Colleague: 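My structure is below; once you've seen it, I'll send some questions.
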Amino acid sequence: MQAPSIGGVMLPRGKGETVRLSRGASLTDFAEKINANPASLVQVMFNLGEMVTATQSVSDETLTLLGEEMNYIVQIVSPEEEDRELLESFSIEFGEDEGGEENLVARPPVVTVMGHVDHGKTRLLDAIRKTNVIEGEAGGITQHIGAYQATTEVNGEDRRITFIDTPGHEAFTAMRARGAKSTDIAILVVAANDGVMPQTVEALNHAKAADVPIVVAVNKIDVEGADPTKVRGQLTEYGLVAEEYGGDTMFVDISAKQGLHIDSLLEAVVLTADAALDLRANPDQNAEGIAIEAHLDRGRGAVATVLVQRGTLRVGDTIVAGDAHGRVRALIDDKGNTLEEAGPSTPAMVLGLTNVPGAGDNFLVVEEDRTARQIAEKRAARERNAAFAKRIRRVNIEDLDKILKAGEIQSLNLIIKGDASGSVEALESALLQLDVGEDEVDIRVLHRGVGAVTESDVNLAMGSDAIIIGFNVRAEGRATQMAEREGVQVKYYSVIYQAIEEIEAALKGMLKPEYEEVELGTAEIREVFRSSKLGNIAGVLIRSGEVRRNTKARLIRDGKVVAENLNIEGLRRFKDDVTEIREGYEGGINLGNFNDIKVDDVIATYEMREKPRG
Ligand SMILES: Nc1nc2c(ncn2[C@@H]2O[C@H](COP(=O)(O)OP(=O)(O)OP(=O)(O)O)[C@@H](O)[C@H]2O)c(=O)[nH]1
C-alpha cells in the first residue's frame, strides 16, 4: 500500500504537528515549513477547488484549510507577535520593565488632546505650551517636534506632563491601529457654546475603546452663551459623569484663548493619573518606546521624535526604530535644546537614523550596531513581504464563525453609521437585543453616529477588529480606499431587518461549535500482511457502515478498546487506493505507524462532527 498521492504528487501528510505561518504567507512558505514540494500544495488546493499559485499570498482561511487537509494545525502569527519573536530571537524582551518593583520610578502621564473640529484643541495645546513648558537652559526656538512636556504644581510638588502635540484622535488611533499604546490619558475638549458634537462622541469612544481615562476640558467659557452645565449633562449620556454629580470624571471649565484655568486642567490630569493609573517605569535599562513622528530633513537626514517609555535614551546609543537603525547623534527637545539623555515619558527628537521610521513604530536601544542592523533588515524584509499580501484579513461577516472558531475574537465589535439618529439607535438596540444564546458572544457597539463612514471610523475599526455598518449612508472616498487597503469590512444596509437578519445569521454560525463523535463503520481484521515500507496492513471485512480514508479509528480487541486516536491512513481494494469501502466488502487498511494489530481485532472508525444548534 502506498502513501496517498494526488495526481502523482505525494501528499505531504503531517501527524497533527503545529505549523506557524505569518499572516499573508504563500504555499511556498508553507511547503518550506513542512519540507514539501510547493507544487504538491498547489495541487491540494486545486483539488479543494481553489486555484492558487505557489508564491501568491493567501488568506488565513486558505492556510488553515490546507493544514486541515494535510493533518497539520496551522497557527497564523500576527505582525505584532512576529515582531516580538524577532526581538526574542535576539534575547530582547520588548515592553517589559526589567527588574522588580524596587526598580520602578514614577513617570509623567502622556496625554493626547481630542475633540470636535474648532472646539479649541490646537489653541489649548498652545496655551499649555506657552504657560507651563519647562524652561530650557539655552532657550532655543520653539519647534513642533510632535510632543512636549509641561509642569504644574500639585500639592506643593512640581509634576510633569507629556503632551502629544498632534491634536485630534487620528494620530492616536493610527498608532493604536499599529498596536502601539502611546497615551495614558485623553483630554476631551468640548466647546461650551457648541456642546457635544459628533466628533466629541467619536473621540470619547476612541478613548474608551483603548481603555484610556478621560479628563474633560469644557472650553470657550469666555464666549457668550457658553453653557458648561449643559456639556456635563450631555456627556452623562455617554457614561462620562462629572465628579460633582457623583461620577468619576473630572470636568474643568477653561478658556484656551484667555488662558483661564489651564493650571486646574493640568492638576486634574495629574490627579486622574494618580487615582486611575500606576505610572511607573524603570529608568535604568536600555531605552524603549515608540516613534511619534518622523520625516526626512534636507540638512539633518532622517529625523524622528520618539517617546521614551522605559529606560533612558542617551547620545551615542545604538537604536532601532521600526526598520530604521543608527547611533543617536543628537537628542533635541521641543525648544531646540540639545539633551544628553531622555528618561521615561520624555519625548525627544533623534538624529542619526539611517531612514525614517513610521509613526507608531517601536524603538529600542541595543548593545551592538550589528544587532540593530539585523533587526532593522529583518523588519524591512517583513514589510516587503507584507506588501505582497494582497489583503490583510480582518473580521468580516461572512467568516465570523471561522474567525471565532480560530479563537481570534470573543466579541463582535461594531461601528454603526446612519442617516438619522433615530435609525441608528433603532438598529443598535435591535442588535444589542439579538439572542446569541448563552451569551457566548458579546455584541459591542464601539461607536455610533450620523453621517458618512469616515477614515476615523476605519481607523477605529482597525484598532478594535470591528465591522462598520453603514445604514443608508456610504463611506467617504478616502475612507473606502482605506477600508479596502486595510481589509476593514464596511457593510451597507438600507432596511433594518435585513441588517439584523444577516448579523443574526452570522452570529449563529459564530457561536462556538460543539462536536460529537459519529460512528462511521467497523472492520473486522481477517488477516495481517507485512509490508516492508508500510509496516502491518490489516486485511479486513467491513462489518457495518463504511470505512473512509483520513478518518479516526480505535482498535478493539476482545471487546476492549486497546488503542485510541488512530488514523485510517490508507485504504485499498485489491490493488487500488480507494477513499471508502462499504459494508460487506473486503479490503486493506493501513493505520500509519500503528502496527499492533491481530486477527479478529475490530477497527471502529468515527469522525467528529459539528452538532447542529437548536
Ligand atoms: N473665545 C474663545 N475662542 C477660542 C477658545 N479656544 C479656541 N478658540 C477659537 O476657536 C477656533 C478653533 O480653535 P482651534 O484651536 O483651532 O480648534 P481645533 O479644535 O484645534 O480645531 P481643528 O484643528 O480644526 O480640529 C479658533 O478661532 C480659536 O481661536 C476659547 O477658549 N475662547
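One-based numbering, in listed order, for ligands and for the atoms of each. Heads up: numbering here begins at 1 and tracks the sequence. What you are looking at is a predicted structure, and each value in this text was computed from that prediction instead of being measured.
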Colleague: Enter the distance from Arg379:CZ to Leu87:CG here, rounded to the nearest 0.5 Å.
Modeller: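 That separation rounds to 5.0 Å.
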
Colleague: Can you check whether Gly120 has an N/O within less than 3.5 Å of an N/O in ligand 1?
Modeller: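 In this structure, Gly120 places an N or O atom under 3.5 Å from an N or O of ligand 1.
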
Colleague: Strictly distance-based, threshold 3.5 Å: is any side-chain N or O of Thr112 a donor or acceptor partner for the main-chain N or O of Ile164?
Modeller: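 Not confirmed, Thr112 side chain does not pair with Ile164 backbone.
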
Colleague: Quick one: CD1 on Ile496 to CD on Glu428, what's the gap to the nearest 0.5 Å?
Modeller: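 Between Ile496 CD1 and Glu428 CD, I get 11.5 Å after rounding to 0.5 Å.
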
Colleague: Assess His116 for proximity to ligand 1: is some non-hydrogen atom of it under 4.0 Å away?
Modeller: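 Heavy atoms of His116 do come under 4.0 Å of ligand 1.
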
Colleague: Indicate, as side chain, backbone, both or neither, the part of Asp118 found under 4.0 angstrom from ligand 1 when only non-hydrogen atoms are considered.
Modeller: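 Answer for Asp118: both.
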
Colleague: Okay, side chain of His325, backbone of Ala372: is any donor-acceptor separation there less than 3.5 Å?
Modeller: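 Such a contact is absent between His325 side chain and Ala372 backbone.
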
Colleague: Under 4.0 Å, heavy atoms only, figure out whether ligand 1 is touched by the backbone of Asn219, its side chain, both or neither.
Modeller: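 Looking at Asn219 and ligand 1, just side chain atoms fall under 4.0 Å.
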
Colleague: Just which atoms of ligand 1 are under 4.0 Å from any heavy atom in Val223?
Modeller: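 Going through ligand 1 atom by atom, the ones under 4.0 Å from Val223 are 1 (N), 2 (C).
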
Colleague: Please find out if less than 6.0 Å separates the ring center of Tyr148 from that of Phe163.
Modeller: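 Tyr148 vs Phe163: aromatic centres under 6.0 Å.
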
Colleague: Judged on heavy-atom distance to atom 11 (C) of ligand 1, which of Lys220, Arg123, Lys257 sits nearest?
Modeller: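 It is Lys220 that holds the nearest heavy atom.
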
Colleague: Below a 4.0 angstrom heavy-atom separation, can you tell me which part of Val117, side chain or backbone, both or neither, approaches ligand 1?
Modeller: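 Both parts.
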
Colleague: If you measure every N or O of Ala256 against every N or O of ligand 1, does any of those distances drop under 3.5 Å?
Modeller: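 Min N/O separation from ligand 1 is below 3.5 Å for Ala256.
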
Colleague: Spell out, as yes or no, whether a donor-acceptor pair under 3.5 Å connects the side chain of Lys417 to the backbone of Gly470.
Modeller: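 A pair under 3.5 Å: no.
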
